[in-house]
Amino acid sequence: MTGNFFYFLTFLTLFAAIGVVASKNPVYSVLFMILTFFALTGHYILLNAQFLAAVNFIVYMGAIMVLFLFVIMFLNMREDTEQHKPLLSKIAAAIAGGILFVVMIAALKDVDTQMKATAVFDSQIGMVENLGKVLFRDYLLPFELASVLFLAAMAGAVMLGKREPGEQNRF
């Protein structure tokens with residue numbers, strides 16, 4: 001039963017992730033991303049990581065993705081009104097992508113890819129206390145880099161939402 005549910009969640013995750021990338025409408029992309037996070041929450045529950053499942057469900061699905069959806073709908077992006085991005089924006093995006101790549105490499109460098117027997121599986125690994133110990137002892141640098149990346153994303157959102165002098169409301 002658990003194996004079939006795992007395969008269903010995996011299929012749903014891959015389908016929704018491909019939908020995020022392949023969808024041309026940004027609103028549909030956000031909806032596919034919410035579906036991806038929903039399936040990942042199911043994976044966390046299967047791994048007995050209830051805290052991560054709750055955080056993923058509340059923070060990512062409940063707050064961040066809904067905020068993304070509102071921002072996309074607020075910006076009212078259309079192909080005919082979209083301007084070409086300046087070189088500085090492209091450089092900033094490349095730097096942010098590079099930081100994200102470094103964070104991903106740092107987070108995945110110690111991953112054990114060998115299959116472990118279910119008898120050896122520690123059911124307390126996803127609990128809050130163990131998660132905090134591992135996060136602040138072994139993964140402090142990726143955690144700090146991720147926080148800097150989130151700060152840069154918030155500054156970018158403020159810059160996108162800021163009106164230029166003389167700009168009128170389009171709505």
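All figures in this text were calculated on a predicted structure; none of them were measured in a lab.
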Which atom of Pro142 lies closest to which atom of Ala106, heavy atoms considered: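 Taking every non-hydrogen atom into account, CG-CB, 3.6 Å.
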List the atom of Phe37, the atom of Asn56, and the distance in Å for their closest heavy-atom pair.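 Shortest heavy-atom contact: O-ND2, 3.0 Å.
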Path from [X] to [Y] over hydrophobic side-chain contacts below 4.5 Å:
| X | Y | value |
| --- | --- | --- |
| Ile64 | Phe143 | no |
| Val103 | Tyr139 | no |
| Phe68 | Phe150 | yes |
| Phe11 | Leu46 | no |
| Met61 | Leu31 | yes |

Could you walk me through whether Phe15 and Phe32 pass the side-chain contact (heavy atoms from CB on, under 4.5 Å) check? CA-CA 9 Å; Phe15 171 75; Phe32 276 121; 4.0 Å; yes
In Å, rounded to the nearest 0.5 Å, how long is the span from [atom1] of [X] to [atom2] of [Y]?
| X | Y | atom1 | atom2 | value |
| --- | --- | --- | --- | --- |
| Leu40 | Met33 | CG | CE | 10.5 Å |
| Phe5 | Leu12 | CZ | CG | 9.0 Å |
| Leu140 | Glu144 | CG | CD | 5.0 Å |
| Leu47 | Leu52 | CG | CG | 9.0 Å |
| Leu9 | Asn4 | CG | CG | 11.0 Å |
| Tyr60 | Thr36 | OH | OG1 | 14.0 Å |

If we only count heavy atoms from C-beta on, is the Leu100 to Leu149 side-chain gap below 4.5 Å?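 Yes. Closest side-chain heavy atoms under 4.5 Å.
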Steps toward side-chain contact (heavy atoms from CB on, under 4.5 Å) verdict (His43, Phe6): CA-CA 7 Å; His43 281 284; Phe6 171 77; 3.5 Å; yes
